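A quick write-up on the structure given underneath.
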Amino acid sequence: MKAKISVLVSGGGTNLQALIDAQSSGIIKSGEISLVISNNPDAFALERAKKAGIKTAVCNKKELGDKFETELISILEENGTNIIVLAGFMCILSEKFTSHFADRIINVHPSLIPSFCGKGFYGLRVHEAALEYGVKVTGATVHFVNEIPDGGKIIMQKAVEIKEGDTPEILQKRVMQEAEWKILPLSLEKVCNQLKGE
Ligand code: GAR
């Protein structure tokens, strides 16, 4: 049986799109994206999901406050979720949440962990930090999620060259195209496939 995948998003959802496309092309075959949840009701990612015929839900952190994670867990469980993908999900999850789904949550991060990661490193800020430091190579990492932000076991990484004249925006786009959109679907398939064997 295929693993039931829920994808958590907050914004534009290009990584979600890469997963949807990978499902259509057969790269993802051991699991099926059955739900997309956003903490932000205005996330464009929700439109991408709807267009692909995938069920959506909003779990609004601002409105729910302390009840946010409890609500998130119940939505995920009601849906029979086996694997959770954080695809541009900009909320840090507590130990209560991560231990509830131990070894069942994966995240894509836009740097080569352990560089430029952890609390405060998300989205464009990661690329700003890499350029500021002056590294010549950056990349993306897909990893399991535990209670340490960006601290779980690494599943896949891919390096991306930094070029003269890069801005954070240009670099972000290159890291997405050359690394994130490739290793996120491949990692998800790998994890879903391993789950079948359990
Ligand atoms: C992606 O670059 C993703 O790796 C990053 O935010 C962007 C979301 O784009 N995530 C983090 O920084 C998490 N720490 P998307 O909404 O177009 O997929």
Side-chain angles (χ1 to χ4, degrees), residues 5-23 27-28 33 35-52 54 56-59 61 72 84-94 97-98 105-133 135 137-162 166-188 191:
I5 302 162
S6 291
V7 185
L8 272 52
V9 295
S10 299
T14 64
N15 278 290
L16 168 67
Q17 191 65 54
L19 295 176
I20 293 171
D21 296 346
Q23 186 165 276
I27 292 172
I28 295 175
I33 307 166
L35 179 66
V36 170
I37 310 174
S38 177
N39 63 304
N40 163 19
D42 301 321
F44 184 67
L46 290 169
E47 303 309 315
R48 295 180 190 270
K50 285 175 196 158
K51 199 169 167 214
I54 300 165
T56 62
V58 172
C59 192
K61 192 174 179 184
L72 196 54
I84 300 165
V85 183
L86 310 186
F89 186 62
M90 301 303 181
C91 306
I92 290 183
L93 296 161
S94 76
F97 186 95
T98 58
I105 316 171
I106 71 170
N107 178 48
V108 60
H109 182 77
S111 76
L112 293 174
I113 290 176
S115 290
F116 314 116
C117 65
K119 205 165 176 273
F121 287 98
Y122 57 87
L124 262 189
R125 289 179 191 220
V126 178
H127 305 292
E128 279 163 7
L131 290 174
E132 212 165 277
Y133 197 97
V135 291
V137 174
T138 183
T141 304
V142 178
H143 62 93
F144 283 108
V145 175
N146 64 10
E147 70 285 2
I148 303 156
D150 299 321
K153 191 168 178 253
I154 290 173
I155 302 165
M156 259 179 223
Q157 291 189 301
K158 192 161 191 295
V160 173
E161 195 190 337
I162 291 183
D166 271 354
T167 62
E169 289 79 7
I170 292 172
L171 183 58
Q172 180 182 51
K173 190 78 197 280
R174 188 180 313 117
V175 169
M176 283 175 158
Q177 280 173 333
E178 292 183 11
E180 295 184 52
W181 301 341
K182 292 183 176 164
I183 64 171
L184 183 59
L186 292 174
S187 301
L188 180 57
V191 170

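This chain uses plain numbering: 1 for the first residue, then up along the sequence. First listed ligand is number 1; within each ligand, the first listed atom is number 1. The structure presented is a predicted model; accordingly, all values stated were derived computationally and were not measured.
Not one N or O on the side chain of Ser111 forms a donor-acceptor pair closer than 3.5 Å with the backbone of Val126. When atom types are taken as modelled, the side chain of Arg174 and the backbone of Ile162 share no donor-acceptor pair closer than 3.5 angstrom. For the pair Lys158 (side chain) and Glu178 (backbone), a donor-acceptor distance under 3.5 Å is present. Under the 3.5 Å distance criterion, the side-chain polar atoms of Gln157 are matched with a main-chain donor or acceptor of Ile113. Here the side chain of His109 pairs a donor or acceptor atom with the backbone of Phe116 at under 3.5 angstrom.
Less than 4.0 angstrom separates some heavy atom of Glu180 from each of these atoms of ligand 1: 1 (C), 2 (O), 3 (C), 4 (O). Set against the non-hydrogen atoms of Phe121, the atoms of ligand 1 under 4.0 Å away are 14 (N).
Protein heavy atom nearest atom 12 (O) of ligand 1, with residue, atom name and distance: Gly123 N, 2.7 Å. If you check which protein heavy atom lies closest to atom 8 (C) of ligand 1, you get Gly88 CA, 3.6 Å. Among all non-hydrogen protein atoms, the one lying nearest atom 9 (O) of ligand 1 is Met176 CE, 3.4 Å. In terms of protein heavy-atom proximity, atom 13 (C) of ligand 1 is nearest to Val108 O, 4.1 Å. For atom 14 (N) of ligand 1, the nearest non-hydrogen atom of the protein is His109 ND1, 3.4 Å.
For Gly13, the closest heavy-atom approach to ligand 1 falls below 4.0 Å.
Considering backbone and side-chain N/O atoms, Asn15 comes within less than 3.5 Å of an N/O atom of ligand 1. Residue-to-ligand polar distances keep Met90 apart from ligand 1: every N/O pair is separated by 3.5 Å or more. Backbone and side-chain nitrogen or oxygen atoms of Tyr122 are examined, and none is located within less than 3.5 angstrom of a nitrogen or oxygen of ligand 1. Considering backbone and side-chain N/O atoms, Val126 never comes within less than 3.5 Å of an N/O atom of ligand 1. In terms of N/O distances under 3.5 Å, ligand 1 is not approached by Asp150.
Across all their heavy atoms, Ala45 and Gly13 have their closest contact at CB-CA, 3.7 Å.
Side-chain contact between Asn15 and Trp181: present, with at least one pair of heavy atoms (C-beta onward) separated by less than 4.5 Å.
Glu180 CD to Thr141 OG1: the interatomic distance, rounded to the nearest 0.5 Å, is 9.5 Å. Taking CD from Gln172 and CZ from Arg125, the interatomic distance works out to 12.5 Å, rounded to the nearest 0.5 Å.
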